[in-house]
Protein chains: 2
Amino acid sequence: MDNQEKRNKEQLILVAAEQEFLTKGYDGARTTSIAKAAGVTHAMLHYYFGTKEELFERIVDEKFRIMSQSMLAVMGEPDLPTIERIRSGIAAHFDFIAKNPHLPRFLINEVVSRPERYSILQNRIQGVINILFSQLQEEIDNAAARGEMEWIDVRTLLISIMSLNIFTFVAYPFMETMLGDFMSDREKFLAERKAENIDTIMCRIKTKQP
Amino acid sequence: MDNQEKRNKEQLILVAAEQEFLTKGYDGARTTSIAKAAGVTHAMLHYYFGTKEELFERIVDEKFRIMSQSMLAVMGEPDLPTIERIRSGIAAHFDFIAKNPHLPRFLINEVVSRPERYSILQNRIQGVINILFSQLQEEIDNAAARGEMEWIDVRTLLISIMSLNIFTFVAYPFMETMLGDFMSDREKFLAERKAENIDTIMCRIKTKQP
DNA sequence: TTTGTAATTAACAATTTTGTTAAACCAATT
DNA sequence: AATTGGTTTAACAAAATTGTTAATTACAAA
């Protein structure tokens with residue numbers, strides 16, 4: 001077996017672990033189940049990754065990194081006028097979550113069940129985010145001063161955007177039970193949701209004429 | 001020991017079980033931990049409730065019932081004009097979730113991890129909800145025809161309201177890591193969020209004058 | 001007081017799950 | 001061919017967790 005095949009085997013375990021952890025969470029995941037899905041004995045899993053805990057952290061670290069990227073996505077394209085930039089940011093954020101539909105629920109559950117573990121990770125991203133936030137806040141301040149939009153605290157805005165975009169996916173199976181027919185065509189439903197979320201935020205920040 | 005005290009002991013287990021299941025989920029919960037928290041031997045837990053599964057379903061059933069009530073809350077006070085009714089509905093829904101902050105994440109996780117089990121439960125609430133939805137939809141149709149508000153599909157509206165209200169609590173610990181200072185005063189933060197959610201939806205459904 | 005029923009306890013059993021280890025294996029290098 | 005290194009397997013061990021049971025207690029009714 002050459003080096004490529006070894007990497008491959010390690011990779012198979014990682015892929016299976018990602019699937020298992022993201023859908024079942026740490027407590028619901030079984031290392032034997034991961035090994036089986038990867039097509040290896042469970043001793044191999046321990047050989048490469050030590051413990052369930054260590055394997056899990058490999059996945060969590062990667063997912064946290066990916067999730068941080070989505071924070072950048074919501075900043076939108078820099079060259080557009082502020083309001084269009086926000087519009088593009090919402091769309092990009094929605095698309096990102098649509099590509100990683102299990103990610104938010106997974107990370108939320110992790111942080112909820114082990115808050116202490118992620119305080120370090122938090123500090124790391126908080127610095128980056130604060131800078132981005134203050135940049136966007138300044139843009140908003142200026143645009144509002146020019147009467148191009150209503151003023152809003154960037155953090156308030158971000159929470160609203162994240163709520164609308166993320167909840168759709170976090171609660172998807174739950175809403176399906178109540179709104180089965182309304183959501184039967186997933187592609188169509190998501191396209192409508194994306195448009196609706198953009199509309200909702202745009203309404204909120206567009207200049208009102210009394 | 002009289003009957004009251006027996007009920008009391010059963011109740012102690014239920015209270016402890018609720019706490020454990022809602023915060024840790026089914027997989028993370030431990031029957032021994034529940035028994036310990038309730039101050040009884042774990043054999044007592046099995047004596048009263050049979051299995052972990054059965055105890056869990058007791059909790060889930062109750063929580064599903066409570067959650068259904070919140071669907072009614074979002075319908076608002078019937079005597080108000082449509083737009084004010086929706087406003088009161090958003091506020092009532094927000095307050096309800098604020099009183100049961102763990103409920104949404106718990107139920108979402110349950111439905112996600114065992115979708116098949118809840119198809120029956122779904123049918124039960126779907127009937128009630130469809131009637132309420134069509135009533136509110138008719139009100140919206142009329143109000144929109146009178147030019148009092150923008151037309152919107154009631155299901156689209158409901159999803160937006162639920163997204164804004166529920167996500168705040170589902171992702172609270174997660175957002176705290178990014179926005180610690182912004183959220184340090186929980187009461188103030190929640191009050192602002194509630195107002196913001198109402199504003200956001202009101203903007204979306206109020207008549208636009210072009 | 002006796003008797004019957006439910007409640008309680010402690011000890012045990014069964015299963016699941018994670019983790020370990022010693023031996024076998026394979027491939028490349030000397 | 002022998003050595004060396006990492007890889008793989010099967011069997012085992014340890015721990016945790018759920019569930020059971022037989023014996024004991026408490027209590028109320030006959």
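Below, read A as the first sequence line, B as the second, and so on, with proteins coming before strands; counting in each chain starts at 1. Keep in mind it's a predicted model, so treat the numbers as computed, not measured.
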Any A:Y47 side-chain nitrogen or oxygen under 4.0 Å from OP1 or OP2 of C:dT21: no
[atom1] of [X] versus [atom2] of [N]: gap in Å, rounded?
{"X": "A:Y48", "N": "C:dT20", "atom1": "OH", "atom2": "P", "answer": "17 Å"}
{"X": "A:Y26", "N": "D:dA16", "atom1": "OH", "atom2": "C1'", "answer": "13 Å"}
{"X": "A:K52", "N": "D:dA15", "atom1": "NZ", "atom2": "P", "answer": "18 Å"}
{"X": "B:F21", "N": "D:dT18", "atom1": "CZ", "atom2": "C1'", "answer": "12 Å"}
{"X": "A:E20", "N": "C:dT17", "atom1": "CD", "atom2": "P", "answer": "10 Å"}
{"X": "A:D27", "N": "C:dT18", "atom1": "CG", "atom2": "P", "answer": "11 Å"}
{"X": "B:K9", "N": "C:dA7", "atom1": "NZ", "atom2": "P", "answer": "11 Å"}

Aromatic ring pairing A:F106/A:F56, orientation class (parallel under 30°, perpendicular over 60°, tilted between):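 Ring orientation of A:F106 relative to A:F56: perpendicular.
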Parallel, tilted or perpendicular, as decided by the 30° and 60° cut-offs, for the rings of B:F64 and A:F174: parallel
Those residues of residues 30-46 of chain B lying under 4.0 Å from DNA chain C by at least one heavy atom: B:T41, B:A43, B:M44
Carboxylate-amine/guanidinium proximity below 4.0 Å for B:R114 and B:E110: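 Between B:E110 and B:R114 there is a salt bridge, with a charged N closer than 4.0 Å to a carboxylate O.
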Salt-bridge contact B:E84-B:R87 (side-chain N to carboxylate O under 4.0 Å): yes
From CA spacing to verdict: side-chain contact (heavy atoms from CB on, under 4.5 Å), A:N197, A:R193: CA-CA 6 Å; A:N197 292 351; A:R193 253 294 115 190; 3.0 Å; yes
Side chains of A:I86 and A:E139 in contact at under 4.5 Å (non-hydrogen atoms):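 Not in contact.
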